[in-house]
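To start, the structure itself, in structure tokens.
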Amino acid sequence: MKNMKSTSILIIAIIFILVFVGCGSDPMEATVNITNKIYSNTLKELVTSKTITQSQSDKVIVEVLRNTVEARGNTYVLGYLVECGTITKLQADIIDRNIQITMKKM
């Protein structure tokens, strides 16, 4: 009887987890969505304050999401954009700092 009770509790817990977490959810898709939201909101503020242009913001989003999807693990995601002259090192540092501030608020 005790074994039956433990099994029932385990089955209920598994059902609960599957219902609320989702058995078909893709962790990469969730990561991309969260990353996109964080960067979009932060970059929008930087465009509004004229720290970067909308064009630069769009290119940053593309590069960040490409890095996330390809799981390159690049610790300095914006380095490529600095190297090719899309954004300056100062702009990259400001973006990074603002992203870190946003993430700490979460």
Side-chain angles (χ1 to χ4, degrees):
M1 191 66 159
K2 186 177 180 181
N3 206 10
M4 179 95 129
K5 186 177 179 181
S6 296
T7 304
S8 297
I9 291 172
L10 180 61
I11 291 172
I12 291 170
I14 291 171
I15 291 171
F16 178 81
I17 290 169
L18 290 176
V19 167
F20 288 101
V21 174
C23 57
S25 64
D26 180 9
M28 179 54 76
E29 183 178 340
T31 301
V32 167
N33 289 339
I34 291 168
T35 302
N36 187 27
K37 184 177 180 180
I38 291 170
Y39 271 85
S40 292
N41 292 339
T42 302
L43 293 172
K44 187 177 186 179
E45 293 172 9
L46 294 174
V47 168
T48 301
S49 69
K50 305 226 186 289
T51 303
I52 61 174
T53 66
Q54 184 61 52
S55 176
Q56 289 172 318
S57 173
D58 295 343
K59 290 174 183 173
V60 168
I61 287 288
V62 167
E63 184 63 22
V64 167
L65 294 180
R66 181 183 359 242
N67 185 69
T68 303
V69 170
E70 293 176 2
R72 294 185 296 193
N74 188 351
T75 56
Y76 190 61
V77 178
L78 304 176
Y80 171 75
L81 296 174
V82 172
E83 287 175 17
C84 65
T86 303
I87 60 175
T88 66
K89 173 80 167 93
L90 178 62
Q91 288 171 320
D93 292 344
I94 292 170
I95 292 168
D96 281 340
R97 185 178 64 238
N98 282 287
I99 292 298
Q100 289 178 12
I101 290 168
T102 300
M103 291 175 74
K104 285 180 184 176
K105 291 178 183 176
M106 298 178 78

Does [X] reach the side chain of [Y], with side-chain heavy atoms less than 4.5 Å apart?
{"X": "Ile95", "Y": "Val60", "value": "yes"}
{"X": "Ile94", "Y": "Leu46", "value": "yes"}
{"X": "Gln54", "Y": "Ser57", "value": "yes"}

Any chance you could measure [X], atom [atom1], to [Y], atom [atom2], to the nearest 0.5 Å?
{"X": "Asn98", "Y": "Ser49", "atom1": "CG", "atom2": "OG", "value": "8.0 Å"}
{"X": "Thr51", "Y": "Leu43", "atom1": "OG1", "atom2": "CG", "value": "10.5 Å"}
{"X": "Leu65", "Y": "Asn36", "atom1": "CG", "atom2": "CG", "value": "5.0 Å"}

Taking [X] for its side chain and [Y] for its backbone only, find out whether a donor-acceptor pair lies under 3.5 Å.
{"X": "Gln91", "Y": "Ile52", "answer": "no"}
{"X": "Gln100", "Y": "Arg97", "answer": "no"}
{"X": "Glu63", "Y": "Leu78", "answer": "no"}

Q) Applying the 4.5 Å side-chain criterion to the ILVMFWY set and letting contacts propagate, would Leu90 and Ile99 be lumped into a single cluster? A)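 Yes, Leu90 and Ile99 fall within the same hydrophobic cluster.
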Q. Going by an N to O cut-off under 4.0 Å, is there a salt bridge joining Asp93 and Lys89?
A.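 Salt bridge: yes.
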Q: Check whether the side chains of Ser55 and Thr53 place a donor and an acceptor atom closer than 3.5 Å, and report yes or no.
A: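 Distance-only check fails for Ser55 and Thr53.
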